[in-house]
Amino acid sequence: MGLGRFADENLLDGAVLTCDGGTTFSPSLSEAKTMPGTIAARSSRLGTHDSPVKIIVTLDERYPCTYAGLLYTNLRQSANYRLQLYADDAKTNLLLDTRDADTGLDLKVVPGLTDPVNIRWGASNLFRQDLSENDFYSIPTHVHVPFDVERPKVAVWSIYGSAYKPDRTEANYYDIGFMFLSDSWETERDVESEDNFDTGDTAQSLPGGFTTIEPGTGHREAAIVRKSVARSERDEITLMTRRTKNDKTVVWIPDVDDLPACLLYGFVGRIKPSQNLGHRFFSTIYSSTTLVLREYIA
Amino acid sequence: MTELVRLVEMQAYRLSDGASVTLRFSTKPGYMTWDTDTPSSTPYLPKVSSPADVLVSIPSPGSREAAKVDIGSVVLENAFDRVTGTRPLNYLLTDYVLAGGRITEKLVYRDQPYSTAATVFVGTMELPEPERGVISIPIRDRSLDFDIPLLTETYTGTGGLNGSSDMTGKTKERTLGWVAVLAPTYLGIIGGKHTYSVNGGHPIEDVVWFADGASRLTKVAGTPAATQWSVDVSTGVITVGGDRPGAPTCEVKGDKTGGTFRKYVGELCKWAATSLNPVITTGEVDSTSVTTLDATPRTIGRFYPMGSTETLRSFLDEAVGSIWGGYWLMGVLGMFRVGRVPSTGGTVAASYAQGTNAGQLTPLKDSRRLLPAKQVIWRYAKNYAGSVTILTNATEADAKRHSVEWLEKQSSVNTAVANAYRNSARVETIEGSLLVVDTDAAAEVALAATDLSTVKRLYSVTVWDAAPSIDLTSEIEMEDNIAGFETGGRLIVLGRDISDKAGHATLTCKE
């Protein structure tokens with residue numbers, strides 16, 4: 001059970017985004033620097049194993065980072081990705097490579113996730129043990145890559161495999177809605193933390209006891225409860241909430257060791273308004289705090 | 001992902017270079033066109049917090065109101081973005097002019113391509129009203145574009161066919177359709193003969209008769225002598241031999257611009273809007289509605305004397321108001337349409353029942369107009385000449401025609417209504433119809449008498465399926481436990497809103 005990560009201060013804002021030769025993006029990659037996730041940078045081609053679509057993020061300095069994300073994409077579960085971090089612009093000093101050290105294989109967008117006990121024989125997710133079709137398309141397709149602290153100058157994303165259009169047919173382009181690269185606050189979640197889901201449906205009650213439901217867009221929510229923090233961590237939380245307040249976009253993933261859980265329970269969000277961003281002291285040294293995040297789609 | 005997204009496209013005028021640019025926004029959570037669409041891979045920024053609420057309605061027959069399209073405002077959010085340090089939509093106010101531009105709103109499912117988007121309405125933007133965090137853009141429908149003068153040509157007053165000096169700057173007279181009696185404009189003595197104009201120099205079909213003091217003169221083909229007159233149909237100019245008539249009147253089959261004598265309601269409305277003082281193009285006219293209306297041809301005539309300042313809208317209102325239940329509408333889809341409000345008894349487009357797929361049927365209050373009429377009097381064929389001194393050698397028929405302003409057709413008294421409603425049974429007089437043919441007026445008065453012989457209330461109902469196939473003049477069946485609808489009653493839709501308020505639509509209907 002790993003720690004969760006709360007990533008803010010997206011370094012993409014000041015970074016230069018380029019792509020490899022042979023691919024152009026229209027709308028351009030600058031759309032991937034900003035929310036909303038529905039407005040995406042669209043590539044001109046799909047990638048293949050020998051010629052993946054590469055997105056190169058060049059920072060102006062080497063910053064410490066612990067999280068990178070490729071968010072609001074249209075990649076299928078079986079598509080592959082790779083993240084490589086370099087310490088220099090010439091891309092000679094490799095710091096991190098997400099490929100498996102032994103086999104050299106790339107990660108799939110949805111790694112094996114479902115407990116075999118829950119898979120029916122003949123179901124669409126039987127072979128790869130990932131999500132069933134309807135479930136996968138009901139959540140935004142995010143690629144979360146948390147890692148131990150590195151100081152990259154250049155980050156290279158390589159993507160290959162199939163992608164989908166909004167009606168789930170084959171697409172011949174990749175959509176990248178939003179990208180993230182930053183340091184993050186690592187934390188565990190104590191008792192009384194919550195993972196919520198706001199359906200967004202509007203219910204109207206009618207005479208006779210009937211109800212009509214107008215479906216809406218669902219938003220995930222997470223409550224991060226820290227029952228007892230000491231001074232240094234309290235400072236970190238205070239500075240972080242001062243930076244983000246309610247409008248800045250942050251990424252939350254619940255468990256760095258469990259990437260499937262990050263897809264289901266992690267999200268791109270903002271600190272939910274109308275809550276008290278404070279600390280409650282229960283001793284002279286220790287305080288407790290609760291941070292509630294809400295998913296931000298547009 | 002099967003939610004509906006509303007797309008808003010604005011034609012903006014870029015101040016830097018005068019280019020017309022399409023700005024694209026949508027409601028949350030946003031939309032991007034597919035690579036196979038036109039335009040391809042184009043984002044629609046999700047900045048619309050509130051799309052415009054549109055309500056379109058046509059008047060109940062006999063109510064003499066105008067058709068209406070009410071549109072509210074489109075509200076865009078403009079919150080401060082700390083990442084860029086700006087408000088993202090400030091450029092709308094500083095770099096572009098939105099007022100006067102076309103705005104188009106479409107509906108599309110999030111998981112479908114842009115080619116499937118359905119246009120909901122087309123309107124015109126007004127000046128944006130910015131607040132700190134939102135920009136509110138009022139929208140108006142295009143029917144306000146019709147408040148322009150109908151006639152624009154004026155007499156220069158330089159003599160001859162350009163009129164005498166006291167006519168300088170006055171609009172030229174015009175005869176549209178077939179007018180029973182009018183007093184032509186005197187141009188002066190041209191070529192030694194007294195000369196009159198009936199259509200501002202434009203071609204006409206014919207002048208049927210010309211009279212002085214209701215006493216008809218003789219029509220000749222060549223140069224007229226005393227007691228004779230001739231007409232040049234290519235210019236609508238009448239030449240009279242002999243002395244100047246004291247009280248000239250004539251019957252004119254009027255405007256024949258482009259070689260077509262237009263006299264039916266539909267074709268005259270279409271021509272007035274597209275050619276006379278054009279405000280729309282022929283591509284923006286629903287031609288099917290015109291041909292359907294003129295399938296039951298009704299001849300109308302309207303004479304505009306010299307110096308008329310009426311608007312195009314007033315002519316259209318009079319033209320469609322000349323028949324029972326007529327209406328014109330610059331529709332929400334930017335299409336000009338004419339037609340008649342039908343009576344119930346046709347094909348039902350949709351059936352609703354209270355509590356199943358619709359809310360409650362609510363009667364609207366308008367009691368004065370509801371009382372049935374036991375008799376209808378239809379006034380038509382206006383005499384535009386006013387009162388003239390009738391000469392002794394005028395025929396009886398001519399004298400009679402010149403002594404009244406309107407002809408009348410009366411329906412027979414409906415004894416059932418008279419007996420049932422007793423002292424409250426009224427006699428309805430329809431004024432201002434432009435009809436000229438007796439049989440047409442007789443047919444229309446019969447229609448009106450039938451329609452007005454029963455109570456026709458107005459109702460409002462909110463249906464829960466967004467009424468997808470229901471347009472104005474559609475017929476629906478409604479079941480509710482109020483009087484007359486216990487086993488289902490028929491209604492004609494006169495108005496509806498279009499805003500997708502939780503999938504419901506509000507319809508205004510009449511029985």
How about [atom1] on [X], more than 12 heavy atoms from neighbouring residues, nucleotides or ligands closer than 6.0 Å, or not?
{"X": "A/Y265", "atom1": "OH", "answer": "no"}
{"X": "A/E236", "atom1": "CD", "answer": "yes"}
{"X": "B/R457", "atom1": "CZ", "answer": "no"}

Residues B/K47, B/D81: salt bridge by 4.0 Å N-O rule: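 Result for this pair is no, no salt bridge flagged.
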Pair A/K248 + A/D8, salt bridge at N-O below 4.0 Å: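 Judged by the 4.0 Å cut-off on N to carboxylate O distance, A/K248 and A/D8 do not form a salt bridge.
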Heavy-atom cut-off 4.5 Å, strictly under: side chain, backbone, both or neither for [X] against chain B?
{"X": "A/P215", "result": "neither"}
{"X": "A/S44", "result": "neither"}
{"X": "A/A171", "result": "neither"}
{"X": "A/N172", "result": "side chain"}
{"X": "A/K245", "result": "both"}
{"X": "A/T217", "result": "both"}

Pairing residues for A/D201 by the salt bridge (charged side-chain N to carboxylate O under 4.0 Å, His left out) criterion, not counting sequence neighbours: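 For A/D201 there are no salt bridge (charged side-chain N to carboxylate O under 4.0 Å, His left out) partners, ignoring immediate neighbours.
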Contacts of type salt bridge (charged side-chain N to carboxylate O under 4.0 Å, His left out), residue B/D37, not counting sequence neighbours: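 Residues passing salt bridge (charged side-chain N to carboxylate O under 4.0 Å, His left out) with B/D37: none at all.
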Ring centre gap for A/Y72 and A/H142 strictly below 6.0 Å: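 Yes.
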Option that, when pairs with chain A are counted at under 4.5 Å, heavy atom only, ranks first among B/Q354, B/M32, B/R82: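 Ranked by heavy-atom pairs under 4.5 Å with chain A, first place is B/R82.
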Winner by heavy-atom pair count (cut-off under 4.5 Å) against chain A, out of B/P43, B/G359, B/S40: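 Highest number of pairs under 4.5 Å: B/P43.
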Contact leader toward chain B among A/T249, A/D247, A/D13, where contacts are heavy-atom pairs under 4.5 Å: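 Ranked by contacts with chain B, first place is A/D247.
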For B/F485, all residues meeting ring pair (Phe, Tyr, Trp, His ring centres under 6.0 Å), sequence neighbours excluded: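 Partners of B/F485 under the ring pair (Phe, Tyr, Trp, His ring centres under 6.0 Å) test: B/Y459.
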Residues of residues 20-31 of chain B within contact distance of chain A, non-hydrogen under 4.5 Å: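 Within residues 20-31 of chain B, the residues that come under 4.5 Å of chain A (heavy atoms only) are B/K28, B/P29, B/G30, B/Y31.
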Geometric class of the B/Y91/B/Y96 ring pair [parallel <30°, tilted 30-60°, perpendicular >60°]: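 Because their plane-to-plane angle is over 60°, the rings of B/Y96 and B/Y91 count as perpendicular.
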